[in-house]
Amino acid sequence: MGLEQIKSRVHAAETAAGRPQGTVRLIAVSKVQPAGRVEAVLQAGHRVFGENYVQESAGKWPAWREAYPGVELHMIGPLQTNKLKLALELFDAIHTLDRPSLAQKLARQVQAHGTCPQLFVQVNTGAEPQKAGILPDDADEFIASCRSLDLQVAGLMCIPPEDEPSTPHFRHLRGIAARNGLTGLSMGMSADFESAIAEGATHVRVGSAIFGARDYG
Ligand SMILES: *Cc1c(COP(=O)(O)O)cnc(C)c1O
């Protein structure tokens, strides 16, 4: 597939949705990809990346940030509170604010740090028991509690159930965002980023369609 092709598909989807080109942020999800594939995308000029694991990111991104100025790194995987401090050093955005204990620890760290990454609340739109995220019914209260902790929430994120069409989940997320006055929508992956853009995604997280299949070895 490759970066250029995905970029043009993103632009086409923006146009089809009546949105100006460049309004959707394409996050290239580079978790567990071989370094050579990531470097090729960096050399092609792309600067916005997503990672799932704090430790893995700590091992690769500081050097790439030096070599390629302007990198913007998004944390899109589950975040353990004992990795939070390191995560704040590494990431420009966190898409997985998914529970009150994390919000409380984050608020404390942000006060100590003085800076806060861009924050997305992960909503478990399918209410799947095995999946992280705030349940839709609890979202309004959780967003309000983040705000009362002085955390500025930029938007919402979801990962729809694998065995269902994504569009109803994207719509659901957009509705929760709208009623809470939030404009950011992190939704859509390799298989469904175009429908996410049609539903108003501001950030799409695309891995395998850019880099090729992941080999977890
Ligand atoms: C891995 C991952 C992606 C990218 O998945 P692809 O199907 O390879 O595009 C997007 N979002 C999250 C949360 C992920 O964990």
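Just so it is clear, the values below take in all heavy atoms, side chains as well, and ignore hydrogens, waters and symmetry mates. Numbering of ligands and ligand atoms starts at 1, following listing order. Treat the numbers as computed from the prediction; the structure is a model and nothing was measured.
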Heavy-atom pair with the smallest gap, counting every atom of Gly207 and Ser190
N-OG, 3.6 Å

At a 4.0 Å threshold, what atoms of ligand 1 neighbour a non-hydrogen atom of Arg205?
4 (C), 9 (O), 10 (C), 11 (N), 12 (C), 13 (C)

Answer yes or no: is there a side-chain heavy-atom contact under 4.5 Å between Asp92 and Met75?
no

Would you mind checking which non-hydrogen protein atom is closest to atom 12 (C) of ligand 1, with the distance to 0.1 Å?
Ile76 CD1, 3.5 Å

Could an N or O of ligand 1 be found under 3.5 Å from any N or O of Val206, whether backbone or side chain?
no

One finds that the ligand 1 atoms under 4.0 Å from a non-hydrogen atom of Ile159 are 13 (C)

Ring-ring centroid check Trp64 Phe49, cutoff 6.0 Å
no

Protein contact to atom 5 (O) of ligand 1 [nearest heavy atom, distance to 0.1 Å]
Met189 CE, 3.6 Å

Could you check atom 6 (P) of ligand 1 against the protein and tell me its nearest heavy-atom contact, residue, atom and distance included?
Ser190 OG, 3.4 Å

The answer for which part of His95 has a heavy atom under 4.0 Å from ligand 1 is neither

Going by the closest heavy atom to atom 7 (O) of ligand 1, which one wins out of Ser208, Ala209, Pro78?
Ser208

Would Arg9 and Glu194 pass as an ion pair if we require N to O under 4.0 Å?
yes

According to the interplanar angle, ranging from 0 to 90°, do the rings of Phe120 and His95 count as parallel (below 30°), tilted (30 to 60°) or perpendicular (above 60°)?
parallel

Counting from 1 in the order shown, the ligand 1 atoms closer than 4.0 Å to a non-hydrogen atom of Lys31 are 1 (C), 2 (C), 3 (C), 14 (C), 15 (O)

Would you mind listing which atoms of ligand 1 come within a distance below 4.0 Å of any non-hydrogen atom of Gly207?
4 (C), 6 (P), 8 (O), 9 (O)

Side chain to side chain, Leu119 and Leu151, heavy atoms closer than 4.5 Å:
yes

Give the atoms of ligand 1, by number and element, whose distance to some non-hydrogen atom of Asn52 is under 4.0 Å.
14 (C), 15 (O)

Any salt bridge between Lys60 and Glu56, counting N to O under 4.0 Å?
yes

Any ion pair linking Asp98 and Lys131 (charged N to carboxylate O, less than 4.0 Å)?
no

